[in-house]
Amino acid sequence: MIREFSSADVLFILMAIRWTLILSLIAFAGGAVGGMALALARTSQARALRWISIAFIQVFQGTPLLMQLFLVYFGLAVLGLPIDPLLAAAVALTLHASAFLGEIWRGAIQAVPQGQSEAATALALSYGDRMRHVVLPQAMRTATAPTVGFLVQLIKGTSLASIIGFTELTRAGQIVNNATFQPFLVFGTVAVFYFILCWPLSLLARRMEARMRLAVTR
Amino acid sequence: MTEHAITMRAVNKYYGAYHALVDIDLTVDRGERIVICGPSGSGKSTLIRTINQLETIQSGQIVVDGIALSGAENVAKVRRDVGMVFQSFNLFPHMTVLENCMLAPMKTRKVPRAEAEATARQYLERVRIPEQADKYPAQLSGGQQQRVAIARALCMKPRIMLFDEPTSALDPEMVKEVLDTMIDLARDGMTMLCVTHEMDFARAVADRVIFMDRGAIVEENAPEPFFTNPCNERLQAFLGQIA
């Protein structure tokens, strides 16, 4: 049964955007927490923490996101812990985002001159105060643009969740295409929706970068 | 209060195989002003950086104001009482001058904001740049930045001040304003250890001048005999070079 691509299909695809957004938000929020923990562990004095964070980052940066999704979704099912596709996708994308944000933020922290940390230490600031008031605010300047850039990658990455059957934007497109068999039209529409989500973020990243540059030379 | 401000006994530090500090014995009295000089790589910066444990030592003992430098709590206590000024200023660029001066007292001494601000303004007045309080470090000249750094350290009301080549990164015309600020401080009785090559400063304020070479203290004396009658031949060569 092949039917025409209709406005109802566009609406169906449009509604699926919310799942792409929800999944992106969960992964980004989880990744922000995990990434911060990894970045701090990676730059800490404790060797064990450094090694654990390096290993985590290497594993998740060195393997395809799709494999991570499969491992969480199918792997846990085999272990007798069947989880639903949203949870599986959220967990896998969170781990993935943690590794990448951890690496971005590690670089930003290390780009803050050593003297800043030393001055804060000499003023008897605790590790927490040193990070919160001295190092991280400066690291944020370097990190903002690549972080927003990664968010764009992450939004596009959520499309892989379609493969484990989670109905987000891409999966909605597949469903419509299976009924209409108009791949150019259907996936073209899907692509336009992704672009509408991502392009403003890219612009934002560029604007933030410019503003930060201004702030530094102020 | 009979203890010395700083006592270092048999202090040794290594960077890997490199012996950076060799059997350092040094006693500093309260209110004493000490200038440390020596060729680059002689360990003078490393020496003063061990006093607030920016550098750890491998053997020996350091006691600051009666507190042995061991254990996180003691180290934190010592750091609250020891101010430090760096060659490269190290002001926090994302904070105004005033905020730079208020941060540490508010966070580590739990001073209320209003009091921290009053103290900060008072010390900015003292280093003669009260009008720059609301500017950012990048808007100031090098000499002004270094004076802010001195004010920032003073806001913690330290009993000892460490200066690590405070004028080495400055243009010649700005050196004097920083040295004048340091001289003021010395006259007020602050215990000071200054790593510097400013020999006029050493003559004017130092109680004792120390010469270091290859990680060891090789000569120490009051400024007059130190400059006019140096015993060590490496010191003689050094003085010949910088004169």
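Letters go in sequence order (proteins before strands), and every chain restarts at 1. Remember, predicted model here, so these are calculated numbers, not experimental data.
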Above 12 or not: heavy atoms from other molecules or residues under 6.0 Å from [atom1] of [X]?
| X | atom1 | answer |
| --- | --- | --- |
| A/M140 | CE | no |
| B/E131 | CD | yes |
| A/R132 | CZ | no |

Under the salt bridge (Lys or Arg N to Asp or Glu O under 4.0 Å) test, which residues partner B/D29, sequence neighbours left out?
-> none
Does B/E55 have any salt bridge (Lys or Arg N to Asp or Glu O under 4.0 Å) partners at least two apart in sequence or in another chain, and if so, which?
-> B/K13, B/R49
Is a donor on one side and an acceptor on the other found under 3.5 Å between the side chain of B/N90 and the backbone of A/G115?
-> yes
Does A/A122 offer a backbone N or O that forms a donor-acceptor pair with the side chain of B/Q53 under 3.5 Å?
-> no
If every non-hydrogen atom of [X] is compared with every non-hydrogen atom of [Y], which pair is closest and at what distance?
| X | Y | result |
| --- | --- | --- |
| A/H133 | B/M95 | O-CE, 3.1 Å |
| A/A124 | B/A76 | CB-O, 4.1 Å |
| B/F86 | A/A119 | CE1-CA, 3.7 Å |

Is any residue of residues 89-101 of chain A within less than 4.5 Å of chain B by heavy atoms, and which ones?
-> none
Criterion side chain to side chain contact (heavy atoms under 4.5 Å, CB included) against A/L123, the qualifying member of B/M84, B/R152, B/R79 | B/R152
By a 4.5 Å heavy-atom criterion (distance strictly below it), what part of B/V82 contacts chain A: side chain, backbone, both, or neither?
-> backbone
Name the region of B/L162, side chain, backbone, both or neither, that has any atom closer than 4.5 Å to a heavy atom of chain A.
-> neither
Step by step, would you call B/L54 with A/T121 a side-chain contact (heavy atoms from CB on, under 4.5 Å)?
-> CA-CA 8 Å; B/L54 284 184; A/T121 304; 3.8 Å; yes
Per-pair distances, 0.1 Å, donor-acceptor, side chain in residues 15-30 of chain A, under 3.5 Å, sequence neighbours excluded:
from  : atom 1 : to     : atom 2 : distance (Å)
A/R18 : NH1    : A/M15  : O      : 3.0
A/T20 : OG1    : A/L169 : N      : 3.0
A/S24 : OG     : A/T20  : O      : 2.7

